[in-house]
Amino acid sequence: MPVFIDSLKKSGHLDQIDLTLCQVGSRKLGEQDDWGNQGWDIFAPKLTIYGFDADADACDSANADLEKKEANWNEIHIPLALGNSAGESTLYVTKHPMCSSLYQPNEPYLERLGGMIPELMKLDFTVEIETTTLDFFCQSEEIEKIDFLQTDVQGADLDVLQGCSYLLGKSILAVKSEVLFAPLYEKCPLFADVDSFMRHKGFSLFTLNTAYRPRQCSPIVSHYGGQLLWGDAFYMRDLLGNSPTDLKTPYHLLKLACIADLMDCTDYALELLQYLTLKHGSNPKYNCAKQIVEGLSQFPELVKNGLESLSVIQQIQSYIIT
């Protein structure tokens with residue numbers, strides 16, 4: 001649950017921020033896939049969302065829902081398959097479309113797993129499609145920046161990330177990428193491949209949301225729930241570290257702090273807000289001392305022990321405006 005962003009909104013700190021999100025694999029299966037229900041709408045009306053999916057019907061449905069909703073931000077879903085190069089590729093369409101991929105399902109392996117996975121991921125048919133890269137699309141559409149990127153493309157996530165190397169270096173502050181820990185698709189990249197690539201690009205892994213499944217033949221299951229198969233990896237830039245980047249500006253520090261807070265990385269959000277205040281707090285736009293106090297005041301135990309005793313509060317004391 002975000003801690004600081006509501007206070008930053010009320011104080012006007014967010015008025016200076018325009019945020020651009022990109023969702024690759026934007027099929028909406030329920031409310032959990034609606035970014036407007038995930039807190040990002042706090043940046044509206046200065047919020048832009050680009051969704052991409054190889055399924056044109058899924059994009060049409062998402063765009064129709066947006067018209068009905070009358071959202072107060074800009075959002076469009078585009079029927080394009082993104083990868084690491086422009087050209088023709090084979091799309092492997094599965095029994096459930098959400099499992100379709102540019103990689104062929106590894107059916108011999110899948111049949112060993114329990115639950116519905118073998119049936120959902122069973123190959124239905126193939127179709128030849130055109131692919132392009134996110135870098136090329138943004139260049140051709142004169143989209144100058146992406147701040148937050150999410151990929152969920154069933155094993156082809158590394159391909160998408162490789163296809164936006166320029167944006168990863170220029171503007172992207174955080175990434176949420178689906179990663180695989182087992183060969184659910186033939187010859188698909190695994191977590192280690194994605195992690196190596198992202199670290200090389202200057203991003204740090206913050207957390208993993210993981211999913212486990214048992215073996216089909218077994219009447220018993222480990223306390224983990226089976227084998228670790230896939231998950232969502234959350235990466236963010238370390239703008240306080242030594243890695244060279246043009247993004248170490250107060251504006252980007254504030255933006256990254258907001259993203260970190262929404263991604264439940266509240267300790268990193270606090271570290272960024274503290275640094276921002278100490279280094280740039282003479283400018284009211286970047287003095288977040290009061291918002292830090294308001295955020296920490298939500299924790300009864302901290303209040304009981306005295307906020308003034310906290311090191312973070314003591315360091316920003318001179319910036320707290322009463």
Side-chain angles (χ1 to χ4, degrees), residues 23-30 32-33 51-59 61-62 79-134 150-163 176-198 208-233:
Q23 186 179 22
V24 184
S26 64
R27 176 188 302 275
K28 294 188 178 184
L29 300 174
Q32 73 278 4
D33 299 314
F52 296 88
D53 202 282
D55 188 335
D57 290 338
C59 292
S61 177
L80 277 178
L82 298 182
N84 57 13
S85 63
E88 192 172 87
S89 298
T90 300
L91 178 66
Y92 297 88
V93 181
T94 53
K95 291 293 184 180
H96 196 300
M98 70 176 180
C99 300
S100 301
S101 175
L102 294 176
Y103 290 85
Q104 183 173 348
N106 187 353
E107 294 191 10
Y109 179 80
L110 296 170
E111 288 171 0
R112 298 164 57 194
L113 302 175
M116 294 296 296
I117 289 181
E119 182 61 28
L120 296 175
M121 296 183 64
K122 186 175 294 184
L123 182 62
D124 193 8
F125 61 91
T126 63
V127 61
E128 297 302 306
I129 60 171
E130 292 294 323
T131 61
T132 188
T133 69
L134 184 57
Q150 176 175 316
T151 70
D152 184 356
V153 285
Q154 305 301 306
D157 299 81
L158 179 57
D159 298 61
V160 173
L161 294 169
Q162 290 170 338
K176 176 184 177 183
S177 178
E178 185 181 58
V179 291
L180 301 183
F181 296 93
L184 304 183
Y185 298 89
E186 294 184 5
K187 300 180 181 179
C188 67
L190 299 180
F191 166 70
D193 304 303
V194 174
D195 189 62
S196 176
F197 176 82
M198 291 300 294
L208 284 166
N209 290 339
T210 53
Y212 298 75
R213 292 296 184 272
R215 285 300 192 267
Q216 186 275 335
C217 68
S218 179
I220 56 174
V221 181
S222 70
H223 70 277
Y224 295 113
Q227 182 182 355
L228 174 59
L229 295 182
W230 74 86
D232 289 320

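Since this is a predicted model, take the numbers as computed values, not measurements. The analysis underlying the following values was restricted to heavy atoms, covering all of them including side chains, and did not include hydrogens, waters or symmetry mates.
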> Would you say Leu208 and Val179 make side-chain contact, with heavy atoms under 4.5 Å?
Replying inline: yes
> So, for Leu158 and Pro189, which heavy atoms are closest and what is the spacing to 0.1 Å?
Replying inline: CD2-CB, 3.7 Å
> Can you tell me how far CG of Asn84 sits from CG of Leu134, rounded to the nearest 0.5 angstrom?
Replying inline: 12.5 Å
> How close do Ala81 and Ala54 get, heavy atom to heavy atom, and via which atoms?
Replying inline: CB-CB, 4.0 Å
> What pairs with Gln150 under side chain to side chain donor-acceptor pair (under 3.5 Å), at least two apart in sequence or on another chain?
Replying inline: none
>> Going by the rule side chain to side chain donor-acceptor pair (under 3.5 Å), which residues pair with Thr151 if we only count those two or more places apart in sequence or in a different chain?
In response: Asp157, Ser177
> For Leu82, which of Thr133, Val24, Leu102, Leu161 qualifies under side-chain contact (heavy atoms from CB on, under 4.5 Å)?
Replying inline: Val24
> If every non-hydrogen atom of Ser101 is compared with every non-hydrogen atom of Leu91, which pair is closest and at what distance?
Replying inline: O-CD1, 3.5 Å
> Has the side chain of Thr126 got a donor or acceptor atom that lies under 3.5 Å from a matching backbone atom of Thr90?
Replying inline: no
> Backbone N or O of Ala58 within a donor-acceptor pair of the Asp53 side chain at under 3.5 Å?
Replying inline: no
> How many angstroms lie between atom CD of Glu107 and atom CD of Glu186, to the nearest 0.5 angstrom?
Replying inline: 8.5 Å
>> Could you report the tightest heavy-atom contact between Asp232 and Glu178, atom names first, then the distance?
In response: OD1-CA, 3.7 Å
> Closest heavy-atom contact between Cys188 and Pro183?
Replying inline: SG-CA, 4.4 Å
>> Do Arg112 and Gln216 make a side-chain contact, defined as non-hydrogen atoms from C-beta onward lying under 4.5 Å apart?
In response: no
> What's the spacing between Gln154 CD and Tyr92 OH if we round to 0.5 Å?
Replying inline: 15.0 Å
> Which atom pair, heavy atoms only, marks the closest approach of Pro105 to Leu110?
Replying inline: CB-CD1, 4.0 Å
>> Rounded to the nearest 0.5 Å, what separates atom CE in Met121 from atom OG1 in Thr94?
In response: 7.0 Å
> Is there side-chain contact between Leu229 and Ile117, with heavy atoms separated by less than 4.5 Å?
Replying inline: yes
> Just wondering, do Gln227 and Arg215 contact through their side chains at under 4.5 Å, heavy atoms?
Replying inline: yes
> Looking at OH of Tyr212 and CG of Leu113, how far apart are the two atoms once the value is rounded to the nearest 0.5 Å?
Replying inline: 14.5 Å
>> The test is side-chain contact (heavy atoms from CB on, under 4.5 Å); show your working for Val160 and Phe52 and say whether it passes.
In response: CA-CA 11 Å; Val160 173; Phe52 296 88; over 6 Å; no
>> Please enumerate all residues that pass side chain to side chain donor-acceptor pair (under 3.5 Å) together with Asp55, with sequence neighbours excluded.
In response: Arg27
> Heavy-atom distance under 4.5 Å between the side chains of Phe125 and Ser100, does that happen here?
Replying inline: no
> Can you tell me how far CG of Leu180 sits from CG of Asn106, rounded to the nearest 0.5 angstrom?
Replying inline: 11.0 Å
